[in-house]
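Single-structure report; data block below.
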Amino acid sequence: MKKDFISILDISRDELANLIAHARKLKEERRVGIQTPVLAHKTLGMIFEKSSTRTRISFEAGMFELGGHALFLNPKDMQLGRGEAIRDTARVMSRFVSAIMIRANRHDEVLELAAHADIPVINGLSDREHPCQILADIMTIEERLFRTEGVRVAWIGDGNNVCNSLIMSTILTGMEVVVASPPEFAPRQEIVTEAVKMGAKVRIVTDPREAATGADVVMTDTWISMGQEEEIDRRRQIFMPYQVNAELMACAKPGAIVMHCLPAHRNWEITDEVLDSKASAVWDQAENRLHAQKALLVRLLA
Ligand code: CP
Ligand code: NVA
(Lines give C-alpha, C1' and ligand atoms only; values in the text may rest on other atoms or scores of the structure.)
(Ligands and ions follow the chains in the order given, each with its own letter.)
Protein backbone atom coordinates (compact mmCIF):
# COMPACT_ATOMS: atom_id res chain seq x y z
CA MET A 1 0.00 0.00 0.00
CA LYS A 2 1.24 3.49 -0.72
CA LYS A 3 2.35 5.57 2.24
CA ASP A 4 1.14 9.11 2.83
CA PHE A 5 2.30 11.71 5.33
CA ILE A 6 -0.74 13.77 6.10
CA SER A 7 -0.54 13.72 9.86
CA ILE A 8 2.41 13.29 12.20
CA LEU A 9 0.48 10.23 13.40
CA ASP A 10 0.92 8.57 10.01
CA ILE A 11 4.20 7.24 11.36
CA SER A 12 4.85 5.14 14.44
CA ARG A 13 7.16 5.91 17.34
CA ASP A 14 9.86 3.62 15.85
CA GLU A 15 9.46 5.03 12.36
CA LEU A 16 9.84 8.54 13.74
CA ALA A 17 13.02 7.59 15.59
CA ASN A 18 14.45 5.99 12.42
CA LEU A 19 13.45 8.96 10.32
CA ILE A 20 15.14 11.46 12.64
CA ALA A 21 18.26 9.28 12.83
CA HIS A 22 18.34 9.19 9.03
CA ALA A 23 17.84 12.96 8.86
CA ARG A 24 20.84 13.46 11.14
CA LYS A 25 22.91 11.17 8.92
CA LEU A 26 21.87 13.06 5.79
CA LYS A 27 22.72 16.33 7.53
CA GLU A 28 26.21 15.10 8.36
CA GLU A 29 26.74 13.63 4.88
CA ARG A 30 25.75 16.93 3.31
CA ARG A 31 28.11 18.79 5.65
CA VAL A 32 31.09 16.71 4.54
CA GLY A 33 30.07 16.77 0.88
CA ILE A 34 28.83 13.20 0.45
CA GLN A 35 26.14 13.03 -2.24
CA THR A 36 23.04 10.88 -1.81
CA PRO A 37 21.27 10.64 -5.19
CA VAL A 38 18.89 7.89 -4.09
CA LEU A 39 15.83 9.45 -5.74
CA ALA A 40 17.29 9.81 -9.22
CA HIS A 41 14.63 10.18 -11.93
CA LYS A 42 11.87 10.77 -9.36
CA THR A 43 9.75 13.92 -9.43
CA LEU A 44 7.86 15.53 -6.58
CA GLY A 45 4.87 17.63 -7.64
CA MET A 46 4.34 20.48 -5.17
CA ILE A 47 0.95 22.21 -5.11
CA PHE A 48 0.93 25.45 -3.13
CA GLU A 49 -2.46 27.02 -2.49
CA LYS A 50 -0.74 29.33 0.02
CA SER A 51 2.59 31.17 0.18
CA SER A 52 5.78 29.51 1.38
CA THR A 53 9.46 30.18 1.80
CA ARG A 54 10.79 27.29 3.90
CA THR A 55 8.53 24.48 2.72
CA ARG A 56 8.98 25.22 -0.95
CA ILE A 57 12.73 25.77 -0.84
CA SER A 58 13.49 22.84 1.47
CA PHE A 59 11.45 20.38 -0.59
CA GLU A 60 12.83 21.68 -3.87
CA ALA A 61 16.46 21.71 -2.71
CA GLY A 62 15.91 18.40 -0.92
CA MET A 63 14.67 16.63 -4.05
CA PHE A 64 17.58 18.06 -6.05
CA GLU A 65 20.09 16.87 -3.47
CA LEU A 66 18.53 13.40 -3.57
CA GLY A 67 19.06 13.29 -7.32
CA GLY A 68 15.41 13.92 -8.18
CA HIS A 69 13.37 16.88 -9.31
CA ALA A 70 10.65 19.04 -7.78
CA LEU A 71 7.93 20.83 -9.64
CA PHE A 72 6.37 23.98 -8.17
CA LEU A 73 2.69 24.11 -9.07
CA ASN A 74 0.51 27.14 -8.46
CA PRO A 75 -3.14 26.04 -8.56
CA LYS A 76 -3.98 29.34 -10.29
CA ASP A 77 -1.92 28.16 -13.26
CA MET A 78 -3.36 24.65 -13.16
CA GLN A 79 -6.76 23.52 -14.32
CA LEU A 80 -7.38 22.87 -10.60
CA GLY A 81 -7.76 26.66 -10.30
CA ARG A 82 -10.44 26.58 -13.03
CA GLY A 83 -12.45 23.93 -11.25
CA GLU A 84 -10.87 20.62 -12.32
CA ALA A 85 -11.73 18.15 -9.58
CA ILE A 86 -9.10 17.31 -6.97
CA ARG A 87 -9.69 13.62 -7.61
CA ASP A 88 -9.03 14.03 -11.32
CA THR A 89 -5.91 16.05 -10.58
CA ALA A 90 -4.79 13.26 -8.24
CA ARG A 91 -5.29 10.57 -10.87
CA VAL A 92 -3.49 12.47 -13.60
CA MET A 93 -0.57 13.56 -11.43
CA SER A 94 -0.15 9.93 -10.34
CA ARG A 95 0.70 9.13 -13.98
CA PHE A 96 3.46 11.78 -14.16
CA VAL A 97 5.20 12.18 -10.82
CA SER A 98 6.34 9.97 -7.94
CA ALA A 99 4.78 11.89 -5.05
CA ILE A 100 2.71 14.99 -4.37
CA MET A 101 3.25 17.59 -1.69
CA ILE A 102 0.31 19.90 -1.12
CA ARG A 103 -0.09 23.03 0.98
CA ALA A 104 -3.84 23.38 1.13
CA ASN A 105 -6.42 25.78 2.45
CA ARG A 106 -8.49 22.92 3.82
CA HIS A 107 -7.33 19.64 5.34
CA ASP A 108 -10.17 17.88 3.46
CA GLU A 109 -8.46 18.71 0.19
CA VAL A 110 -5.30 16.90 1.30
CA LEU A 111 -7.36 13.86 2.31
CA GLU A 112 -9.25 13.88 -0.97
CA LEU A 113 -6.05 14.15 -2.99
CA ALA A 114 -4.54 11.24 -1.07
CA ALA A 115 -7.68 9.12 -1.44
CA HIS A 116 -7.51 9.36 -5.24
CA ALA A 117 -3.75 9.39 -5.83
CA ASP A 118 -1.81 6.18 -6.42
CA ILE A 119 1.34 7.84 -5.12
CA PRO A 120 2.37 9.18 -1.70
CA VAL A 121 0.83 12.49 -0.64
CA ILE A 122 2.61 14.78 1.81
CA ASN A 123 0.82 17.48 3.79
CA GLY A 124 2.92 20.63 3.44
CA LEU A 125 0.52 22.46 5.79
CA SER A 126 -3.24 22.51 6.08
CA ASP A 127 -5.57 24.39 8.39
CA ARG A 128 -5.44 21.36 10.72
CA GLU A 129 -1.82 20.18 10.75
CA HIS A 130 1.75 20.94 9.74
CA PRO A 131 3.46 17.57 10.20
CA CYS A 132 6.65 18.35 8.20
CA GLN A 133 7.31 21.26 10.55
CA ILE A 134 7.00 19.04 13.58
CA LEU A 135 9.51 16.53 12.16
CA ALA A 136 12.08 19.32 11.97
CA ASP A 137 11.07 20.56 15.42
CA ILE A 138 11.59 17.14 17.00
CA MET A 139 14.97 16.83 15.27
CA THR A 140 15.95 20.26 16.61
CA ILE A 141 14.85 19.48 20.16
CA GLU A 142 16.90 16.26 20.10
CA GLU A 143 19.94 18.14 18.79
CA ARG A 144 19.70 20.76 21.50
CA LEU A 145 18.48 18.75 24.48
CA PHE A 146 19.70 15.26 23.48
CA ARG A 147 16.30 13.67 24.21
CA THR A 148 12.57 14.16 23.80
CA GLU A 149 11.26 11.88 26.56
CA GLY A 150 10.03 14.02 29.42
CA VAL A 151 10.84 17.31 27.65
CA ARG A 152 8.36 20.04 28.68
CA VAL A 153 7.25 22.25 25.81
CA ALA A 154 5.29 25.43 26.42
CA TRP A 155 3.23 26.44 23.41
CA ILE A 156 2.38 30.13 23.75
CA GLY A 157 -0.28 31.78 21.59
CA ASP A 158 -2.61 30.45 18.93
CA GLY A 159 -3.83 26.84 19.19
CA ASN A 160 -3.32 26.45 15.44
CA ASN A 161 -2.22 23.84 12.88
CA VAL A 162 1.36 23.67 14.14
CA CYS A 163 0.13 23.40 17.72
CA ASN A 164 -2.18 20.51 16.75
CA SER A 165 0.72 18.58 15.22
CA LEU A 166 2.86 19.29 18.27
CA ILE A 167 0.15 17.96 20.59
CA MET A 168 -0.21 14.78 18.49
CA SER A 169 3.55 14.31 18.36
CA THR A 170 3.74 13.83 22.13
CA ILE A 171 2.22 10.38 21.54
CA LEU A 172 5.39 9.48 19.63
CA THR A 173 8.06 11.37 21.54
CA GLY A 174 7.16 11.26 25.22
CA MET A 175 7.27 15.07 25.38
CA GLU A 176 4.68 16.99 27.38
CA VAL A 177 3.01 20.12 26.02
CA VAL A 178 1.37 22.88 28.00
CA VAL A 179 -0.57 25.17 25.67
CA ALA A 180 -1.33 28.72 26.81
CA SER A 181 -3.90 30.41 24.58
CA PRO A 182 -6.66 32.94 24.96
CA PRO A 183 -9.79 30.76 25.51
CA GLU A 184 -11.20 31.65 22.09
CA PHE A 185 -8.02 30.45 20.38
CA ALA A 186 -7.34 27.24 22.30
CA PRO A 187 -6.67 24.15 20.17
CA ARG A 188 -9.87 22.48 18.94
CA GLN A 189 -11.40 20.35 21.67
CA GLU A 190 -12.04 17.33 19.45
CA ILE A 191 -8.39 17.27 18.37
CA VAL A 192 -7.19 17.45 21.98
CA THR A 193 -9.66 14.81 23.19
CA GLU A 194 -8.74 12.41 20.40
CA ALA A 195 -5.00 12.94 20.98
CA VAL A 196 -5.34 12.41 24.73
CA LYS A 197 -7.22 9.17 24.09
CA MET A 198 -4.23 8.03 22.05
CA GLY A 199 -1.78 8.93 24.83
CA ALA A 200 -0.89 12.59 24.17
CA LYS A 201 0.44 14.50 27.15
CA VAL A 202 -1.13 17.93 26.93
CA ARG A 203 -2.54 20.52 29.29
CA ILE A 204 -4.43 23.59 28.11
CA VAL A 205 -4.20 26.76 30.18
CA THR A 206 -4.77 30.45 29.58
CA ASP A 207 -1.84 31.95 31.50
CA PRO A 208 1.39 32.10 29.46
CA ARG A 209 3.49 32.25 32.64
CA GLU A 210 1.93 29.08 33.92
CA ALA A 211 2.84 27.29 30.68
CA ALA A 212 6.37 28.70 30.53
CA THR A 213 7.23 27.91 34.14
CA GLY A 214 9.65 24.99 34.19
CA ALA A 215 9.57 24.58 30.38
CA ASP A 216 12.56 23.16 28.50
CA VAL A 217 11.26 24.57 25.23
CA VAL A 218 9.16 27.69 24.66
CA MET A 219 7.46 27.56 21.28
CA THR A 220 5.29 30.04 19.48
CA ASP A 221 3.94 30.86 16.03
CA THR A 222 2.23 33.74 14.28
CA TRP A 223 -1.02 35.05 15.74
CA ILE A 224 -2.34 35.43 12.22
CA SER A 225 -2.09 32.27 10.16
CA MET A 226 -2.44 32.39 6.40
CA GLY A 227 -6.06 33.10 5.53
CA GLN A 228 -6.79 34.97 8.78
CA GLU A 229 -5.49 38.36 7.63
CA GLU A 230 -8.83 40.14 7.94
CA GLU A 231 -8.63 39.65 11.72
CA ILE A 232 -5.21 41.23 12.23
CA ASP A 233 -6.21 44.09 14.52
CA ARG A 234 -8.50 42.06 16.76
CA ARG A 235 -6.06 39.16 17.05
CA ARG A 236 -3.10 41.40 17.74
CA GLN A 237 -4.94 42.96 20.67
CA ILE A 238 -6.09 39.64 22.14
CA PHE A 239 -2.70 37.94 21.75
CA MET A 240 -0.42 40.75 22.99
CA PRO A 241 -0.30 39.29 26.55
CA TYR A 242 1.00 36.09 24.93
CA GLN A 243 4.14 37.66 23.52
CA VAL A 244 7.29 35.57 24.02
CA ASN A 245 9.68 38.10 25.52
CA ALA A 246 12.59 38.10 27.98
CA GLU A 247 10.24 38.29 30.94
CA LEU A 248 8.35 35.17 29.85
CA MET A 249 11.59 33.34 29.03
CA ALA A 250 12.73 34.02 32.59
CA CYS A 251 9.94 31.68 33.79
CA ALA A 252 11.35 28.77 31.78
CA LYS A 253 14.10 26.43 32.98
CA PRO A 254 17.63 27.85 32.87
CA GLY A 255 19.03 26.88 29.46
CA ALA A 256 15.56 26.59 27.90
CA ILE A 257 15.39 27.05 24.15
CA VAL A 258 12.91 29.08 22.14
CA MET A 259 11.42 27.89 18.87
CA HIS A 260 9.27 29.41 16.12
CA CYS A 261 8.43 27.72 12.82
CA LEU A 262 8.66 31.10 11.02
CA PRO A 263 7.69 33.40 9.40
CA ALA A 264 7.73 35.56 12.55
CA HIS A 265 6.11 38.92 13.09
CA ARG A 266 9.00 40.41 15.02
CA ASN A 267 7.94 42.15 18.22
CA TRP A 268 4.44 40.74 18.02
CA GLU A 269 4.46 37.08 19.05
CA ILE A 270 8.21 37.15 19.74
CA THR A 271 10.55 40.02 20.51
CA ASP A 272 13.73 40.71 18.54
CA GLU A 273 15.61 40.22 21.76
CA VAL A 274 14.37 36.64 22.19
CA LEU A 275 14.37 35.65 18.52
CA ASP A 276 17.99 36.75 18.15
CA SER A 277 19.11 35.47 21.56
CA LYS A 278 21.40 32.55 22.34
CA ALA A 279 18.35 30.57 23.44
CA SER A 280 16.89 30.78 19.95
CA ALA A 281 16.94 27.52 17.98
CA VAL A 282 14.87 28.93 15.12
CA TRP A 283 17.52 28.99 12.41
CA ASP A 284 18.52 25.38 13.05
CA GLN A 285 14.82 24.57 13.21
CA ALA A 286 14.35 26.08 9.74
CA GLU A 287 17.44 24.30 8.37
CA ASN A 288 16.26 20.99 9.75
CA ARG A 289 13.21 21.17 7.49
CA LEU A 290 15.61 20.21 4.68
CA HIS A 291 17.18 17.23 6.42
CA ALA A 292 13.98 15.88 7.98
CA GLN A 293 12.06 16.13 4.70
CA LYS A 294 14.87 14.46 2.76
CA ALA A 295 14.61 11.53 5.19
CA LEU A 296 10.82 11.59 4.73
CA LEU A 297 11.10 11.59 0.93
CA VAL A 298 13.48 8.64 1.04
CA ARG A 299 11.11 6.77 3.34
CA LEU A 300 8.15 7.38 1.03
CA LEU A 301 9.90 7.03 -2.33
CA ALA A 302 13.10 5.04 -2.29
N1 CP B 1 7.44 27.16 8.58
C2 CP B 1 6.98 27.10 7.32
O3 CP B 1 6.28 26.18 6.90
O4 CP B 1 7.39 28.17 6.55
P5 CP B 1 6.88 28.55 5.10
O6 CP B 1 5.46 29.04 5.25
O7 CP B 1 7.81 29.63 4.66
O8 CP B 1 6.92 27.34 4.21
N1 NVA C 1 0.33 28.73 11.48
C2 NVA C 1 0.98 29.29 10.33
C3 NVA C 1 2.19 28.50 9.99
C4 NVA C 1 3.00 29.03 8.85
C5 NVA C 1 4.17 28.17 8.52
C6 NVA C 1 0.01 29.35 9.17
O7 NVA C 1 -0.79 28.43 9.00
O8 NVA C 1 0.05 30.33 8.42
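For ligands, and for the atoms within them, numbers begin at 1 and follow the listed sequence. Throughout, residue positions are numbered sequentially from 1 according to the sequence presented. For the numbers below, each heavy atom of this structure counts, side chains included, while hydrogens, waters and symmetry mates do not.
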Salt-bridge criterion met for Glu247 and Arg209 (N-O under 4.0 Å): yes

Selection from Arg56, His130, Arg54 by shortest heavy-atom distance to atom 3 (O) of ligand 1: His130

Protein heavy-atom partner closest to atom 6 (C) of ligand 2 - residue, atom, separation in Å: Ser225 OG, 3.2 Å

Where ligand 2 meets Leu262 - atom numbers and elements under 4.0 angstrom, heavy-atom basis: 5 (C)

Which residue and heavy atom of the protein sit nearest atom 7 (O) of ligand 1, plus the separation: Thr53 N, 2.7 Å

Which residues share a side chain to side chain contact (heavy atoms under 4.5 Å, CB included) with Lys2, sequence neighbours left out: Asp4, Ala114, Ala117, Val121

Protein heavy atom at shortest distance from atom 6 (O) of ligand 1: Arg103 NH1, 2.8 Å

Contact with ligand 1 for Leu125, non-hydrogen, under 4.0 angstrom: no

Lys50/Asp127 salt bridge by N-O under 4.0 Å criterion: no

Best match, Leu125, Asn161, Thr53, Asn160: closest heavy atom to atom 4 (C) of ligand 2: Leu125

Nearest protein heavy atom with distance in Å, relative to atom 2 (C) of ligand 1: Arg289 NH1, 3.3 Å

Residue pair Glu129 / Leu9, side-chain heavy-atom distance below 4.5 Å: no

Contact check: Cys261 vs ligand 1, nitrogen or oxygen atoms, below 3.5 angstrom: yes

Trace of the salt bridge (Lys or Arg N to Asp or Glu O under 4.0 Å) decision for Lys3 with Glu15: CA-CA 12 Å; Lys3 296 176 220 154; Glu15 285 165 340; over 6 Å; no

Distance from atom 8 (O) of ligand 2 to nearest protein heavy atom, with residue and atom: Met226 N, 2.8 Å

Salt-bridge present (Glu29, Lys294; N to O < 4.0 Å): no

Within-cut-off N or O pair, Met226 and ligand 1, under 3.5 Å: no

Ligand 2 to Val162 polar contact by distance, N or O atoms, under 3.5 Å: no

Backbone or side-chain N or O of Asp221 under 3.5 Å from ligand 2 N or O: yes

CG on Asp88 to CE on Met93, rounded to 0.5 Å: 13.0 Å

Salt-bridge contact Glu149-Arg147 (side-chain N to carboxylate O under 4.0 Å): no

Glu28 bridged to Arg24 by N-O distance under 4.0 Å: no

